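Contents: one structure, followed by commentary.
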2 protein chains.
Amino acid sequence: MTRLPLNTRITPSRKAMIDIFASTDHPLSAVQMHKLLKRLNINANITTVYRELEFLLNHTVIHKIDISGATTYYESSEGDHHHHAICTSCGNIQDVTISDEEAFLTNVRKPHDFTIKRHSVEFYGHCGTCN
Amino acid sequence: MTRLPLNTRITPSRKAMIDIFASTDHPLSAVQMHKLLKRLNINANITTVYRELEFLLNHTVIHKIDISGATTYYESSEGDHHHHAICTSCGNIQDVTISDEEAFLTNVRKPHDFTIKRHSVEFYGHCGTCN
DNA sequence: TATATAATGCAAATGAGTTGCATTAATAAT
DNA sequence: ATTATTAATGCAACTCATTTGCATTATATA
């Protein structure tokens, strides 16, 4: 796992959130995380959840995924590089991999002098259940 | 251009927005559009801008682009299929094309039974000026 | 020119996320 | 074990993008 600062304190909500991200292969929003914590009887304030997400993000424990819409989703940085298929009917999010992604990236005609730091590839459509 | 409903009324703000999208190769947010209209002395309410964006979206005159963050951007549906490179420093958005995009799409290992309706590919990094 | 109703303006509400500040609690120091 | 330091938290208030209800205006048609 990524190294957290030396002065990082292990609080119940922090531990739970780290555990949840580590054991879930599913992107989560702040509100969803907040509910999950409640079910574990960890009554953290939603502000605390947002702040912790920011903290975990800063320390690359998690990363954002860019899904169309107002809500930000986060997932663990562990696991292989992948993208997402979002069902526009039920909101379900599944992983998508691209074989030979390097080839794909070499086919990108990027603007002159633009330095790519990261990329986002998302597919929208209908999942098996909603088809 | 896409056909609008028969009962569509040509109001000053509608006409201006359609013209602006047709003549700009640049994604615009509701707030940016609102400012552009003001400069043309069309003092439409921001609500009207949002409603008109929704209308143009519904009639496929424009489409949303999915950029990380709270603000939604829209661009004309005219023009070739392309993606975007977003400068995370200055917010500048440039077009990106992928050569042989069909090949890229065939390399996508999509979930079983998932029907892809559209996809979004965005690159984040630093533009020439911010490098 | 009158009529129907699409489009608009305004105010208020919503939803996601942020911030200031006082309080609490995890850890280090004693 | 006790205390001190300060990271983490809770709460309320706020911002920002966007939406909604409702009364009013104005475009296109009869």
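So you know, we letter chains A, B, ... as the sequences are listed, proteins then strands, and number each from 1. Keep in mind it's a predicted model, so treat the numbers as computed, not measured. Below, each value reflects all heavy atoms present in this structure, side chains not excepted, and no hydrogens, waters or symmetry copies.
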*Got more than 12 heavy atoms from elsewhere within 6.0 Å of NZ, A:K15?*
no
*What do you reckon, is NE2 of B:H112 surrounded by more than 12 foreign heavy atoms closer than 6.0 Å?*
no
From [atom1] of [X] over to [atom2] of [N], roughly how many Å is that when rounded to an integer?
X     : N      : atom1 : atom2 : value
B:N43 : D:dA26 : CG    : P     : 14 Å
B:K15 : C:dA6  : NZ    : C1'   : 19 Å
A:E54 : D:dA8  : CD    : P     : 14 Å
B:N58 : C:dA7  : CG    : P     : 12 Å
A:Q32 : C:dG17 : CD    : P     : 11 Å
B:K35 : D:dC16 : NZ    : P     : 11 Å
A:M17 : D:dA8  : CE    : P     : 13 Å
B:I42 : C:dT8  : CD1   : P     : 11 Å

From the list [options], which nucleotide is the closest neighbour of the side chain of [X]?
X     : options                : value
A:P12 : D:dT18, C:dA16, C:dA26 : C:dA26
B:R14 : C:dA16, C:dA7, D:dG10  : C:dA7
B:T48 : C:dT8, C:dT27, C:dA16  : C:dT8
B:R9  : C:dG17, D:dT27, C:dT27 : D:dT27
B:T71 : D:dA28, C:dG17, D:dA17 : D:dA17
B:T47 : D:dT20, D:dA8, C:dG17  : D:dT20
A:R51 : D:dG10, C:dA16, C:dT27 : D:dG10
A:T72 : D:dA28, C:dG17, C:dT19 : C:dG17

Is the phosphate of [N], meaning OP1 or OP2, less than 4.0 Å from a side-chain N or O of [X]?
X     : N      : value
A:Y50 : C:dG17 : yes
A:S29 : C:dA16 : no
B:T11 : D:dA26 : no
A:N45 : D:dT9  : no

Can you get from [X] to [Y] by hopping between Ile, Leu, Val, Met, Phe, Trp and Tyr side chains that sit under 4.5 Å apart?
X     : Y      : value
B:L53 : B:L37  : yes
B:I93 : A:F114 : no
B:Y74 : B:V61  : yes

*asked:* Between B:T8 and A:I10, which residue's closest nucleotide on DNA chain C lies nearer the 5′ terminus?
replied: B:T8
*asked:* Name the residue from B:V108, B:N107, B:L105, B:I98 that meets the side-chain contact (heavy atoms from CB on, under 4.5 Å) definition with A:F104.
replied: B:I98
